[in-house]
Every structure is written in C-alpha cells, then in structure tokens.
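What follows is a single structure, written as structure tokens, with notes after it.
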Amino acid sequence: MAEIIAAVTTSHVPSIGIAMDTGITQDPYWKPLFDGYLPAKEFVKELKPDVTIVVYNDHGLEVFLDRVPTFGIGAAEQYLSGDEGWGPRPIPPFQGDPDLSWHLIEHLVAQEFDMTMFQEMTVDHGFTVPMSVFFGGPAGEVEEWPTRVIPITVNTIQFPLPLAARCYKLGQAIRKAVDAYPKDTRVLIMGTGGMSHQLQGERSGFMQPNFDRMFLDKMVSDPMALTRIPNGVFMKEAGHEGAELIMWLVARGAMNLEVEEVYQHYHVSASLTAAGLACYRNK
Amino acid sequence: MGRAIPISVAAPPMPVWSDRFRFCANKEAFMSSSNEESGSTPSITERIEEDKRLARSLEGTYLFDGARSQKNYPLNKMCMSLTKQENREAFAADEAAYCDRFGLSEESKRLVLERDWIGMIRSGGNIYYVFKLAAIDHVSMQHVGAQQNSMTLEEFRAKLNAHRDQ
Ligand SMILES: [Fe+2]
C-alpha cells in the first residue's frame, strides 16, 4: 500500500536557484540560508521517498492569464526545467509517475476536486528550487533525482485564489487518494511558496516575521486556525505574494491532525522573501 | 447496490471575514474567531466584498483581480512571450516594434522602453510577467523593488535587512 510518509515545506525564490546554479551558496549573504537547509537534506535522505508530490504555483511558464487552472496536476513521464525568461536551470530531468498521477486524478475528481490535467509540462523555480533545496547536496548539486515526482499546481497569481480551507481539503483528498493506491509507494508531500513577501508596488520589500512565526507554530499546533485566514488577510499580513502560504496548507492537509515538527529553519531574507522551511512527521 | 460510499472529507469551517480576524504582533494572541462565536454568518457576497476591500486598502498594493488582469493584458502577454529565446532576440532588435506586435498602448510602450517598473505595475502589469522583462536586462528583483520604492539599491537593501530585527 502507498503511504504519505512525511511533509516538508519551504519558500521558493528564483535567486535561491541562481545561487545554487552559480556556486555562490557559501558567500556571506547566502551561507546562513544554505547552512540552515543541511538538516532538512538529511531528513529527506533517510526518508527515501519513491515519489514526491510537489505543490507549487506556476509563475508564467506553463500558465498565462489566458487560462488559469485553480488546481492542476501533472501526468507526464518526465518534467524538464523550463525557461522562465532567464533560461532553464542546469539540472537533470525529473522522472514522473504517470500511473500514480492518473490514480490521483481519478480519486481527486471522485472527491469533487476537478483537477486540470497536464500531460506535458515544464516546471519553474516554484518546483525546481525546493527540489534542489531538499534533494541536492550542500550546494544544491544533483546528479540524478533520487525520487519520482508529481507536480500539483495552485493558482496564487490571478485573484481570486482558492481559499486556505480549500487548499487544506485538497491535501486531505490527496491523503485519501494515496492511501487507496495499491502499490507499495513511499510518498513525500512538499508544500512550497511564501513566507511573507511582496514583490509588486510601493509596498514591495514588505515582510512580517511575526506573522511567519505564528504561521509556523500553528502549522503544528492548530492548522485549522490557519484554514480560516481569508486571502485578503494573507495579503495584508504576509504581503500580496505571501498569500502563497496557502500551498503549505495542501501539504499540511495530507498529514494527520497531530504532527511532529522534526526541523524548522527561518531566515530573513532571500532577496525580498522571508525564507522558511519545515519538516513534519505524523504522530 | 451495497453500502453508500462516504465521499466527504472532514470539513474545515468556512473562513470568517477579515474584520473578525485579528492578528497581533504577539503570536500568542493570534485569534481567528469562528462563525459560531460571532453569532452571524456573513453571506458569500459579504465575504468576497470584505476580502477585496481589505486587499484594496493596502497602500502600495495592486490587487491582481479580474479587472486589473484585463486592464493591461497586452503588456503581460508581451512579457510572457519573453520566455522564448527567439522572442527575446526579436525584442532586443527593435523593442518598440516588438511591443506594437502585441498591441501595447503608446503609454505602455513608453513604460517598457523606459523600464518604469512601478509604472508598469500601476498600469496593470503583473510582477511575475513584468519580471521577465527585467531578466532581459539582467536586473534583479531587488533593483525592481528599489525603483518601485523610489529608493537606491542600498536603501532598499537596508529596508529588507531591517526586518531581521522583528
Ligand atoms: Fe511563488
């Protein structure tokens, strides 16, 4: 039987990818962040997931404003790093798991989550940076990904965004779908995005570590409270782009109500973004 | 035939509207009162309006809703096209002509040619698409942020670093 063995969450920022790809992770600016990632790399290494479900938002690679899927899922054999405007990242291709993808699609639709299905898709920094953070070496280096992947996309760009509660329920539905998968498969779920940051407008540069710390605490102690936060409040307290935190709740929803936080790291800042990371195990 | 299949998942409650949501700097005081406690359940319309009112009240923030997304669709579409190398080359060869191909207004074209980031955002540009234009110039998000704040890069970096103390 398949099983969700753990959840991990992290911010995703293009410049973190650039730091890894250009070998400057030990520069004074980046060192505290990359040093903070080391225990998380150990955690996922020991987990040895067969498949990693990566919850992220497309930032204008596969998705333009002409058609915006609220929730999407990949069902491809392979996913390549795409060109967001500054060229693809120099990383190996990601192997998919179409069989599990189609199982998830069937079980999610049966639970009334009408996912948009992608049989061909490239992935952007929202996907690749967290993968390098958790599965890459100390400087993010990767020869071959040690896990198959399934991308799940959430619209966090075109308002209205899905509600935090809806994201949590999607996580619960993913959990049920994985539990019903007959093949022995160890599944890691990864929630990405956030934490507080704003990129647009005169308010760009806004961050709120107090809100982020509250969010990190409630991820363990009271995720239901987080599901009641309206998206306007996320924008106020975590910034217009910080509303990406709803994607952490997809990962959280796939876990038991009671979890143990194995590791947490919080760093201000990676470029304009307050960079948070956490690892959770079911209790 | 047989037993019913349970399809419902344990439902988190609907979100309360933001007037009733309180976040205090002291994280212990974080509160989000539930609908039951407050006695009345806001209608869907009330919740949507309240959420938008809050998001629109944030100074220096341009809620990217449907109206804004429609406002300068050609600018975002032109920026999106820059995810292809051949388009980046065509843009570099003649920026104004390239903008014309996407039907940008004269004003939007000026904002692009002058790399007026805050002007593009105000006119309906979305930061993720507009940033593809910045990447062409090898300009970082910190530069874009500094310009939007009318700050030098050093001043803007100091603003970012100041959050470390919070
Ligand atoms: Fe993002």
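Letters A, B, ... are given to chains in the order of the sequence lines, protein chains preceding strands, and every chain is numbered from 1.
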Inspect the contact between Glu106(B) and Lys109(B) and indicate whether a charged nitrogen and a carboxylate oxygen are less than 4.0 angstrom apart.
-> yes

Quick one: do the Thr83(B) and Glu84(A) side chains pair a donor with an acceptor below 3.5 Å?
-> no

Measure Arg122(B) against the heavy atoms of chain A and call it side chain, backbone, both or neither at under 4.5 Å.
-> side chain

Identify which of Asn231(A), Asp83(A), Leu161(A) forms the greatest number of heavy-atom pairs closer than 4.5 Å to chain B.
-> Asp83(A)

In terms of heavy-atom pairs under 4.5 Å, which option from Pro209(A), Pro223(A), Ser269(A) contacts chain B the most?
-> Pro209(A)

Give, as side chain, backbone, both or neither, the part of His107(A) having an atom under 4.5 angstrom from any heavy atom of chain B.
-> neither

Whatever's closer than 4.5 Å to a heavy atom in chain A on Tyr129(B) counts as side chain

Taking NZ, NE, NH1 and NH2 as the nitrogens, is one of them in Glu107(B) or Arg110(B) under 4.0 Å from a carboxylate oxygen of the other?
-> yes

Geometric cation-pi criterion, Arg203(A) with Phe206(A): 6.0 Å, 45° | yes

Measure Asn76(B) against the heavy atoms of chain A and call it side chain, backbone, both or neither at under 4.5 Å.
-> both

Interchain contact, Leu82(B) with chain A, by part (heavy-atom threshold 4.5 Å) | backbone

Parallel, tilted or perpendicular, as decided by the 30° and 60° cut-offs, for the rings of Phe211(A) and Phe234(A) | perpendicular

Donor-acceptor side-chain pairing of Asp58(A) and Thr153(A) below 3.5 angstrom | no

In terms of heavy-atom pairs under 4.5 Å with chain B, which of Gln198(A), Glu241(A), Lys236(A), Gln158(A) leads?
-> Gln158(A)

Highest number of heavy-atom pairs under 4.5 Å with chain B: which of Ser271(A), Ala274(A), Pro14(A)?
-> Ser271(A)

Measuring heavy-atom distances to chain A, does Gln142(B) have an atom under 4.5 Å in its side chain, in its backbone, in both, or in neither?
-> both

Between the side chains of Gln208(A) and Glu237(A), does any donor sit under 3.5 Å from an acceptor?
-> yes

Checking heavy atoms, do the side chain of Phe156(B), its backbone, both or neither come under 4.5 Å from chain A?
-> side chain

Cut-off 4.5 Å, heavy atoms of chain B, and the answer for Pro160(A) is neither

Examine whether an atom of Tyr29(A) lies under 4.5 Å from a heavy atom of chain B, and if so say whether it belongs to the side chain, the backbone or both; otherwise answer neither.
-> side chain

Quick one: are His143(B) and Trp117(B) in side-chain contact, heavy atoms under 4.5 Å?
-> no

With only heavy atoms counted, which part of Leu63(B) is less than 4.5 Å from chain A, the side chain, the backbone, both or neither?
-> both

Between Arg175(A), Met207(A), His267(A), which has the largest tally of heavy atom pairs under 4.5 Å with chain B?
-> Met207(A)

Side-chain donor-acceptor contact under 3.5 Å, Asn57(A) with His12(A) = yes

What part of Ile157(A) is in contact with chain B, defined as an atom under 4.5 angstrom from a non-hydrogen atom: side chain, backbone, both or neither?
-> both

With chain A, the option among Ile121(B), Val144(B), Asn149(B) that has the most non-hydrogen atom pairs under 4.5 Å is Asn149(B)

Between Cys79(B), Ala55(B), Ser69(B), which residue shows the highest count of heavy-atom pairs closer than 4.5 Å to chain A?
-> Ser69(B)

Could you look at Val13(A) and say if it's the side chain, the backbone, both or neither that has a heavy atom under 4.5 Å from chain B?
-> neither

Could you tell me which portion of Lys77(B) (side chain, backbone, both or neither) has an atom closer than 4.5 angstrom to a non-hydrogen atom of chain A?
-> both

Name the orientation class of the two ring planes belonging to Phe127(A) and Tyr79(A) (parallel below 30°, tilted from 30 to 60°, perpendicular beyond 60°).
-> tilted

Tell me whether the centres of the aromatic rings in Trp248(A) and Tyr168(A) are closer together than 6.0 Å.
-> no

Does a donor on one side chain sit under 3.5 Å from an acceptor on the other, for His240(A) and Gln200(A)?
-> yes

Give a yes or no on whether Glu120(A) atom CD has more than 12 heavy-atom contacts from other residues, nucleotides or ligands under 6.0 Å away.
-> no

Side chain, backbone, both or neither: which part of Arg88(B) has an atom under 4.5 Å from a heavy atom of chain A?
-> side chain

